[in-house]
There are 2 protein chains.
Amino acid sequence: MSAKMPASGRRQPTIHEVAATAGVSIGTVSRVASESPRVAPETRARVLAAMAELGYQPNAAARAMRTNQTMTIGFLIPDMTNQVFARVAQGAETVLAPEGYMLFAFSSNRSPTREIEFLQAARQRRMDGLIVTLSDETATGTIEEIGRMGVPVVVLDREIPVEADVVYSEHMQPIETVVGQLLQLGHRRIGLITASHNIRPGRDRVTGFKRALEKAGVPIDEWLIRARTQSAERGMAETHDLLTGPNPPTAILAAGSDIFYGALKAVRLLGLSIPDDISFVGADDALLGELVYPPITVIDRDMVEVGRQAAGLLLDRLKGLDASPRRIMLGSDVLLRSSIAAPKQR
Amino acid sequence: MSAKMPASGRRQPTIHEVAATAGVSIGTVSRVASESPRVAPETRARVLAAMAELGYQPNAAARAMRTNQTMTIGFLIPDMTNQVFARVAQGAETVLAPEGYMLFAFSSNRSPTREIEFLQAARQRRMDGLIVTLSDETATGTIEEIGRMGVPVVVLDREIPVEADVVYSEHMQPIETVVGQLLQLGHRRIGLITASHNIRPGRDRVTGFKRALEKAGVPIDEWLIRARTQSAERGMAETHDLLTGPNPPTAILAAGSDIFYGALKAVRLLGLSIPDDISFVGADDALLGELVYPPITVIDRDMVEVGRQAAGLLLDRLKGLDASPRRIMLGSDVLLRSSIAAPKQR
DNA sequence: GGTAGGGATGTAAACGTTATGTCAGCGAAG
DNA sequence: CTTCGCTGACATAACGTTTACATCCCTACC
C-alpha cells in the first residue's frame, strides 16, 4: 500500500498518454481539462476516466508557455517568523485562493540581496502578480527590479518611487495618542525604540512621537529615540541602554513586534516592575500584551485585513483594471491596559 | 524615474531578442546564460551586455520544459502564523538557497482539502521536491497524492504509510520527564491539552503522559486528557473546562504553542496564580515562557534545526541518493522555570 | 600547401500544452 | 437531392528554452 521508492522515479503522465488511453486526440483532452464546451458527454467521461487512471496533472510549465499565465502570486516578506507578516499572508490567501491563484511566500530575512533574488526568480517564473514588503526603501536595486516586473505589484507600507498600488497602516496617530497619554500622566522622558528611517513605519512613528512632544512643549531628546532596528536582540540592547543610561526614561515605547519582545525581556532582566518602575507600551502583538502580567498597552492593527486589501488591489489589476495607482490606508488601535501609570516621583 | 503604469503592460524579453541585439544566435545566448564553456570572451561580453540592457530573465517555464527541473521546493505547513513552522521554513531555506533552490511556503490552514490542492499544484508545477507537514495522518486522499508526486518528499513528524524520509521530534520523553517531576512534587491530578491522535505529536504526548503516571502508580483519569485540538481558542476552552470542573487538576500541561497561549489566557481569566494556585507547563514557545511572569517551564525544541535536517535529506535525494527511507529523530529540551511548585494542600 | 583537429557559433528538434483551422457527419431546409 | 449550418473531433502551429549536431574558420603540423 506504500508508495515506491525512490519516489523520484516516477515520470508524470502527459496529455498524449491520456489521449492514447482514452482513444481521443490531445486536443480533446485539453478541452476536457480546461472545461471548454463542445465535447460530447460520453467522450468527456472517457477522458476523465483516463485522467483519473493515470493520475494526470497538466504540466504547468507547458500551460504557462501557451497562456502566459501561471496562476501564481508571490509574496515577499522580510521575516517569516514574524507573526505580523504571516497574518498578512493568511489574509491575502483567503482572497486569492477562491480566484484560483496560489500564493507562495518567500522570506528575504531582511536582506535586499535576497529581495532582488526573489524578484528575479518571480520574473523568471512569470508569476502573475506580487505582494511585497521591502526591508529598505532606499535600496535602489530592489526598486529597479520592481520596475522591471511587468506584472502588477502591490506594495505594503512603503513609500517607494514606483507607480504601484499600496496598502498603508496608520503609524503616526496611534503613537501620538499614546505619547499624549503618557505626557498627561506626567512622563517627561519617554524612550522610543522602532525601525529605522529607511522604512515608512520607522519614519512615521518618530514623526508622531516628536509631534506629540512638540504639541506639549516638551523638549526632544534625540538620545531617547532609537530608530534603527527591528530585531528582538537589538530591541533588547537599546532598551537596556536606555534604562541604564545617566538620565533614563520613565516610559518605554517598543514599536515593533520583535522589538516588543526584546524590550520586555530587557525590562524583566533589569528586574524593573511595570508600571511602578517603568511604563511600557508594545506594538503589533496584542496576544502577548494580554498574556503577560500586568497586561500591556499595545498599538495594534488588523494584519489579516491588510492582506485582504492587498489581495483585493492585486486582483483588480489581474482582472485588467487600468487606473492610476491606488492607496489604501488602514487604521491602528491603541489597546489600553494597565502597563502605564504616572511616573515615580524622584 | 518611476516605472510606467500599468505595470502589467511590459512583455518580458525573450532569448531571441537578446540574440538579435547581441548579434548572435539563440544557442550562443543560451550557452552564456547557462555559463557553459566554449564561448569566446568577447562574445560572452556582448551577450551579457544585451541581457543587461533588455533586463532579460530566462523564462522558467520554457527552461523547465527542456530540463525537467524547476529549482523549486514546496513547503507545506499547517499554519503560517505559527512560529514553529516558520522557523522550520527558515532553517530549510538556509540549506536550500545555497544550492540554488527556491523555497516556497504554502499554508493549508489545517485543511486536508487545501493540502491536496497544494500537492496537486506542486505536481502541476513540477516542483523538484517537497517538505510537508500534514494536519491529519488519517486523511487517505492526502497520502495517496503524496504517493503520486514522483519527486522526493520529506515528511515532518508524521507517521504515514509512504516510503519517504522523515524528521521526527521527540515528544514522549520530555512529557514523561515533566510529568515525573510534577508527580514528585505531589501532584496527582494533571491536565494535558494537546493535539489529537491523528498526528504523531498528539499520540506520543499522550503515551508519554500515561507512561509517567503508570510508572508512579497513579490512576489515569481520561477526563484530564484533552487530545483534540491545536488552536489557541480550543486550548483556552479546554483549560477553562478542566479548571472549573468538579475535581480540577493542580497542574496544566499545554503541549502545543497555540494551546500554550490559550491555556495561559484561560488561567489568567480565571484569576489563578501560577504556581500557587496551579502549576503550568507550556511548549514550543520558549520566548513567551520567558517573558511572562513568573517565567514558565517549557518543552522546547530547535525547529530551525528540524528545517535544516529536512532540507538536508531532501538535498541528498535531489542529488540522486537512492537508498531506503531515512529517519532522523531530534531531541527536545525541558526548560525548567518557576511555574511549577508543589500543589496547594486542600 | 593541404589537411586534420578543434574551438566557436549556428541550426533545428523537442519538451507539453493551448488555440486555431479544418473536416467529417448529420439533420433540416430549400 | 443538394446545400447549409452545426457539432464534435482531429491535426498542427506556436510558446521560449536546451542541446545534440552541423558548420565554419583558424591554426598547426607534416
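All heavy atoms count here, side chains included; hydrogens, waters and symmetry mates do not.
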So the ring-ring contact (aromatic ring centres under 6.0 Å, His included) pairs with at least one residue in residues 112-131 of chain A (sequence neighbours excluded) are A:F106-A:F118
Could you state the CD-C1' distance from A:Q69 to C:dT17, rounded to the nearest angstrom? 14 Å
What does the list of N/O pairs under 3.5 Å between the protein and nucleotides 5-7 of chain C look like, with a distance for each?
| unit_1 | atom_1 | unit_2 | atom_2 | d |
| --- | --- | --- | --- | --- |
| C:dG7 | OP2 | B:R38 | NH2 | 2.5 |

Gap between atoms CZ and C1', on B:R11 and D:dG16 respectively (whole Å): 10 Å
Take the C1' atoms of the five end pairs on each side of the helix from C:dG1-D:dC30 to C:dG30-D:dC1, get both axes, and report the angle to 10 degrees. 70°
Between D:dT17 (C1') and B:M71 (CE): distance, integer Å: 16 Å
Among D:dT18, C:dA8, D:dG16, the one nearest any side-chain atom of B:N59 is D:dG16
So B:T43, base contact, sugar-phosphate only, or nothing? Heavy-atom distance under 4.0 Å. sugar-phosphate
Compare every heavy atom of B:P98 with every heavy atom of B:T94, then report the nearest pair and how far apart it is. O-CD, 3.1 Å
Going by the rule side chain to side chain donor-acceptor pair (under 3.5 Å), which residues pair with A:E117 if we only count those two or more places apart in sequence or in a different chain? A:R114
Excluding sequence neighbours, so at least two apart, what forms salt bridge (charged side-chain N to carboxylate O under 4.0 Å, His left out) with A:R158? none
Give the minimum heavy-atom separation between A:L103 and A:A92, together with the two atoms involved. CD2-CB, 4.1 Å
Can you tell me how far P of D:dG16 sits from CD of B:E17, to the nearest Å? 8 Å
Counting any heavy atom closer than 4.0 Å, what does A:S30 reach on the DNA or RNA strands: base, sugar-phosphate only, or nothing? base
Please identify each residue that fulfils side-chain contact (heavy atoms from CB on, under 4.5 Å) with B:L48, with sequence neighbours left out. B:V32, B:R44, B:M51
Between the side chain of A:R63 and the main-chain N/O of A:T70, is any donor-acceptor distance below 3.5 Å? no
A:R123: partners by salt bridge (charged side-chain N to carboxylate O under 4.0 Å, His left out), with sequence neighbours left out: A:E145
For B:N82, side chain to side chain donor-acceptor pair (under 3.5 Å) partners two or more places apart: B:S257, B:D258
Under 3.5 Å, which protein N or O atoms sit close to an N or O of nucleotides 11-15 of chain C? Give each pair with its distance.
| unit_1 | atom_1 | unit_2 | atom_2 | d |
| --- | --- | --- | --- | --- |
| C:dA14 | N3 | B:R66 | NH1 | 3.1 |

Rounded to whole Å, please give me the gap between CZ in A:R123 and C1' in D:dG16. 15 Å
Minimum-distance nucleotide to A:V24 side chain [options: D:dT17, D:dC10, C:dT17]: D:dC10
So, using side-chain contact (heavy atoms from CB on, under 4.5 Å) as the criterion, who are the partners of A:E53 when residues are at least two apart? none
Whole angstrom is fine here: how far is it from CZ in B:R125 over to P in C:dT17? 14 Å
Those residues at least two apart in sequence (or on a different chain) that pass salt bridge (charged side-chain N to carboxylate O under 4.0 Å, His left out) with A:D157 are A:R200, A:R301
Using whole Å, what does the distance between atom P of nucleotide C:dG16 and atom CD of A:Q57 come to? 16 Å
Rounded to whole angstroms, how far apart are CD on B:E42 and C1' on C:dA8? 12 Å
Please identify each residue that fulfils side chain to side chain donor-acceptor pair (under 3.5 Å) with B:T72, with sequence neighbours left out. A:R125
